Amino acid sequence: MVHLMTLPAHIHVLERGWLSSNNIVFLDPDCPTVVDTGYGTHADQTLALVRQALQGRPLKRILNTHLHSDHAGGNALLQQHYECLTVIPPGLADAVTEWDPDRLSYAPTGQHCPQFRHDAVMTPGDTIELGGDDWQVLGAPGHDNDMVMLWCERHGILISADALWQNGFGVIFPEIVGESGFAEQQATLDLIGQLDPRLVIPGHGAPFTNVKAALDAAQSRIKWLAADPKRNADNALKALLAFKLLAARQMSVNDIAELFRHSAITHKVIAAYYPVAPELMAQVAAEQMVKLGLARREGDMLSALA
Ligand SMILES: [Zn+2]
């Protein structure tokens with residue numbers, strides 16, 4: 001069945017690729033707002049797109065669903081250009097104040113995020129007014145145990161961040177670092193099921209209305225991952241390398257080995273599941289990027305295809 005539903009006119013989804021998250025612009029007359037700001041190296045493009053979507057209005061507020069580098073990488077540049085309030089989930093507020101790249105995941109993932117400030121937090125249970133509607137802040141642990149989603153009951157719209165995409169959800173990173181994440185992701189999916197959204201605006205990819213199909217697939221996937229944690233670890237390795245390759249455009253096999261040596265997350269995964277030298281693992285991973293259609297290889301050099 002095809003469900004036809006269009007977004008209210010004051011909500012503009014700037015659909016980006018995988019390196020940058022989507023940016024959701026609310027043309028609120030009093031408080032023009034953007035939810036999530038993309039990756040740092042795309043910040044100029046984010047600023048241009050947000051400026052265009054705002055049609056001359058000044059940006060007054062940034063909301064971040066979570067602080068991964070692909071969701072908060074445009075914060076700094078937007079803060080330079082606009083006098084805007086930046087609101088983040090409470091879990092890592094101290095880490096932002098102290099600017100701790102380890103706790104903020106940028107160091108252990110080998111990713112980059114220009115330093116930004118935050119002005120306020122949004123805590124699960126809070127209600128935020130956006131474009132004249134109430135949006136509820138909901139905790140969405142699993143991919144990131146500090147992540148939140150935004151839910152508008154009136155329109156039946158969920159901003160799901162990386163908790164639910166049309167096809168899957170983000171890597172369950174807490175499990176990689178020895179914390180619980182599978183049970184949390186399961187509970188987050190159950191919560192989305194109870195909300196029964198008419199439309200989901202995901203962190204990556206186009207908004208979608210076939211929510212039940214996406215949820216069913218996500219439910220089977222989380223059970224499949226939880227049954228063998230190596231599956232999640234493999235995904236983490238693949239996702240982090242693909243991300244790095246997208247950002248760098250080109251990487252040598254030696255660059256990959258360097259990433260595996262220096263990123264704490266990939267290091268952990270390799271130590272736990274692939275007891276081989278980083279150089280050998282880099283060869284295996286390079287082949288995999290080619291097999292997945294993400295890269296072209298000439299000699300020892302990989303070039304991103306996406
Ligand atoms: Zn994320």
Side-chain angles (χ1 to χ4, degrees), residues 13-24 34-43 46 62-75 86-93 95-96 101-114 116 118 122 124 137-150 158-177 179-182 184-185 188-189 192 200-205 214 218 221-222 225 232-233 235-247 263-266 269 306:
V13 179
L14 309 179
E15 192 189 334
R16 309 291 293 274
W18 287 94
L19 192 57
S20 274
S21 69
N22 293 337
N23 320 123
I24 304 141
V34 64
V35 179
D36 288 341
T37 65
Y39 192 58
T41 54
H42 287 177
T46 301
I62 297 170
L63 306 179
N64 290 122
T65 58
H66 62 308
L67 303 180
H68 283 167
S69 64
D70 57 329
H71 290 254
N75 283 15
T86 300
V87 187
I88 62 173
L92 289 166
V96 172
D102 278 305
R103 280 178 64 207
L104 290 169
S105 83
Y106 311 136
T109 53
Q111 295 171 7
H112 147 85
C113 186
F116 59 87
H118 80 281
M122 50 177 172
V137 179
L138 302 171
H143 165 67
D144 170 344
N145 284 342
D146 296 309
M147 188 167 74
V148 300
M149 306 184 288
L150 297 170
L158 178 72
I159 294 177
S160 65
D162 292 342
L164 181 68
W165 302 329
Q166 182 146 27
N167 192 0
F169 45 78
V171 171
I172 308 300
F173 281 112
E175 291 281 343
I176 308 287
V177 295
E179 291 166 20
S180 170
F182 296 137
E184 284 75 2
Q185 174 65 12
T188 295
L189 293 174
I192 296 174
V200 170
I201 304 174
H204 302 267
R221 181 167 174 80
I222 190 60
L225 290 172
N232 182 53
N235 280 339
L237 208 58
K238 224 184 302 174
L240 287 170
L241 179 55
F243 190 90
K244 197 78 186 167
L245 185 62
L246 272 179
S263 135
I265 291 190
T266 54
V269 170

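The structure displayed is predicted, hence computed values, not measured ones. Both ligands and their constituent atoms are indexed starting at 1 by order of listing. Below, each value reflects all heavy atoms present in this structure, side chains not excepted, and no hydrogens, waters or symmetry copies.
The nearest N, O or S atom of His71 is not closer to the Zn ion (ligand 1) than 2.8 Å. Distances from the Zn ion (ligand 1) show that Asp162 has an N/O/S atom below 2.8 Å.
Between the side chains of Asp70 and His204, at least one donor N or O lies within less than 3.5 Å of an accepting N or O.
Side-chain atoms of Val269 and Leu240, non-hydrogen and from C-beta on, never get closer than 4.5 Å to each other.
Closest non-hydrogen pair, Ser263 versus Gly110, comes out as CB-N, 4.2 Å.
A perpendicular orientation is assigned to the rings of His68 and Phe173, their planes being inclined by more than 60° (bins at 30° and 60°).
Between the NE2 atom of His66 and the NE2 atom of His143, the angle centred on the Zn ion (ligand 1) amounts to 100° when rounded to 10°.
Summary: ND1 is the N/O/S atom of His68 found nearest to the Zn ion (ligand 1).
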